[in-house]
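These notes concern the structure reproduced below.
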Amino acid sequence: MKVQILENYKEMSRAAADIFADVINSKKDCVLGLATGDTPIGMYECLVEDYKAGKVDFASVKSVNLDEYYPITPDNDQSYRYFMNYHLFDKVNINKANTYVPDGQASDPVSSCEAYEKNIDALGGIDIQVLGIGRNGHIGFNEPDGELIFYTHVTDLTADTIEANSRFFESESDVPKQAVTMGIESIFKARKIVVLASGEGKAEAVKRMLCGKLTTNCPASLLRLHPDVTLICDKDAAILL
Ligand code: F6R
């Protein structure tokens with residue numbers, strides 16, 4: 001894994017956006033793998049700036065998102081579909097019909113997960129995937145466990161993740177208890193992966209990802225097996241390295 005330690009969140013976000021812009025500029029109909037959460041917001045802001053400055057064109061770009069709460073409706077302002085529209089899709093010239101987020105209200109979530117996975121393959125796979133990292137080492141909503149699931153699936157959120165994400169909801173009890181997430185192999189199929197981490201709260205997870213045991217109890221540690229992963233983090237997230 002390549003590691004870039006930058007001064008602060010702003011520099012991290014700009015560096016990540018530059019990598020994404022390069023991919024888009026070298027392949028106009030590329031497939032972006034996108035994430036939600038606080039960490040990539042700055043990167044999306046930089047990409048919106050680049051779009052407005054005429055430096056990047058999303059007209060033929062397609063995207064797939066890592067995960068979505070379950071159950072949740074797309075118009076709920078805590079849904080990941082809402083997040084993506086708000087932070088990126090509504091601000092650039094991407095065709096929303098080409099943006100895919102797991103269905104948070106599927107009546108048959110198992111079939112919906114299978115269809116999601118097939119769609120990733122039908123799109124030709126993900127050219128570049130951005131990931132945040134959970135304090136507990138999760139990627140997407142692949143939570144630490146004795147075993148992990150390969151492909152897109154429904155999963156129970158851990159108490160730690162529910163507590164971490166409760167900051168976005170009125171109360172902890174409002175946080176959905178499940179999510180649909182791409183699996184480890186869905187993520188690994190991406191040709192290039194950029195992991196972002198910012199702030200001291202992520203320092204322990206970053207240390208475990210880079211220097212700890214390779215274990216499903218820290219799903220991010222498995223990224224060391226992928227041939228093209230770059231961690232871009234700020235000084236605070238790197239404080240324990
Ligand atoms: C979001 C996702 C999660 C987050 C992680 C970090 O789509 O898949 O794995 O990347 O929980 O979240 P933040 O960035 O809010 O610290």
Side-chain angles (χ1 to χ4, degrees), residues 8-10 12-13 16-17 20 32-45 63-70 72 74 76-89 99-104 113 116 120 126 128-145 148-149 152-169 172 175-184 186-188 190 193-206 208-209 216 218-223 229 231-234 236-238:
N8 52 39
Y9 179 76
K10 205 170 163 203
M12 177 201 80
S13 302
F20 267 68
L32 306 180
L34 302 176
T36 61
D38 280 337
T39 316
I41 290 177
M43 178 186 103
Y44 295 143
E45 283 169 0
S63 71
V64 291
N65 259 77
L66 267 178
D67 44 18
E68 177 61 284
Y69 287 118
Y70 186 83
I72 204 158
N76 183 318
D77 62 6
Q78 293 309 326
S79 77
Y80 289 173
R81 162 54 76 182
Y82 189 99
F83 175 105
M84 289 311 307
N85 288 347
Y86 180 78
H87 288 288
L88 186 66
F89 301 155
T99 66
Y100 301 92
V101 178
D103 185 355
C113 289
Y116 198 76
I120 297 175
I126 295 167
I128 181 166
Q129 173 72 53
V130 64
L131 296 175
I133 176 171
R135 294 182 309 198
N136 62 3
H138 73 212
I139 48 174
F141 276 127
N142 296 277
E143 299 279 22
D145 204 344
L148 295 176
I149 298 178
T152 305
H153 59 282
V154 182
T155 184
D156 295 334
L157 302 187
T158 61
D160 187 64
T161 298
I162 291 173
E163 192 267 308
N165 289 9
S166 65
R167 67 191 193 277
F168 301 114
F169 291 82
E172 202 169 309
V175 185
K177 306 291 175 285
Q178 288 189 305
V180 177
T181 181
M182 278 165 48
I184 295 295
S186 332
I187 295 170
F188 263 63
I193 297 178
V194 174
V195 187
L196 301 181
S198 168
E200 255 187 81
K202 297 297 172 69
E204 185 64 40
V206 165
R208 287 180 71 205
M209 169 173 69
T216 56
C218 178
S221 70
L222 303 179
L223 292 169
V229 182
L231 165 69
I232 308 178
C233 64
D234 60 17
D236 291 343

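Start at 1 and go down the list; that is how both ligands and their atoms are numbered.
The G132 neighbourhood of ligand 1 comprises atoms 10 (O), with distances under 4.0 Å to a heavy atom of that residue. Listed by number with element, the atoms of ligand 1 under 4.0 angstrom from any heavy atom of T39 are 13 (P), 14 (O), 16 (O). In summary, the atoms of ligand 1 found under 4.0 Å from a heavy atom of G37, numbered by their order in the structure, are 14 (O), 15 (O). Using a 4.0 Å cut-off to heavy atoms of L66, the atoms of ligand 1 that qualify are 8 (O).
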Please walk me through it: do V64 and Y116 pass side-chain contact (heavy atoms from CB on, under 4.5 Å)? CA-CA 9 Å; V64 291; Y116 198 76; 3.8 Å; yes
Give the C-alpha distance, both sets of side-chain angles, the deciding distance and a yes or no for side-chain contact (heavy atoms from CB on, under 4.5 Å) between R167 and D38. CA-CA 11 Å; R167 67 191 193 277; D38 280 337; 2.8 Å; yes
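Scanning all protein heavy atoms for the shortest distance to atom 7 (O) of ligand 1 gives D67 OD1, 2.7 Å. Counting only heavy atoms of the protein, atom 16 (O) of ligand 1 lies nearest to K202 NZ, 2.5 Å. Closest to atom 1 (C) of ligand 1 among all protein heavy atoms lies T36 OG1, 3.2 Å. Among protein heavy atoms, the minimum distance from atom 6 (C) of ligand 1 is reached at I133 O, 3.5 Å.
The shortest N or O to N or O distance between N165 and ligand 1 is not under 3.5 Å.
No side-chain heavy atom of E68 sits under 4.5 Å from any side-chain heavy atom of Y70. In this structure, F168 and D77 have side chains that are not in contact, with every pair of non-hydrogen atoms separated by 4.5 Å or more.
The environment of NZ in K177 is crowded: more than 12 heavy-atom neighbours from other residues, nucleotides or ligands sit within 6.0 Å.
Ring geometry, F169 versus Y69: the interplanar angle exceeds 60°, so the pair is classed perpendicular (tilted spans 30 to 60°).
Taking each heavy atom of V130 and A35 in turn, the nearest pair found is O-CB, 3.5 Å.
Close to ligand 1: R167, with a non-hydrogen atom less than 4.0 angstrom away. No heavy atom of R135 sits closer than 4.0 Å to any atom of ligand 1.
When each of D103, N65, T36, T99 is tested with R81 by the rule side-chain hydrogen bond (donor to acceptor under 3.5 Å, both in side chains), just one qualifies, namely T99. Screening E204, E143, E163 against R135 for a salt bridge (charged side-chain N to carboxylate O under 4.0 Å, His left out) leaves a single residue, E163.
For atom 5 (C) of ligand 1, the nearest non-hydrogen atom from the set H138, M84, M182, E68 belongs to H138. Scanning G140, G134, G137 for the heavy atom closest to atom 9 (O) of ligand 1 points to G140.
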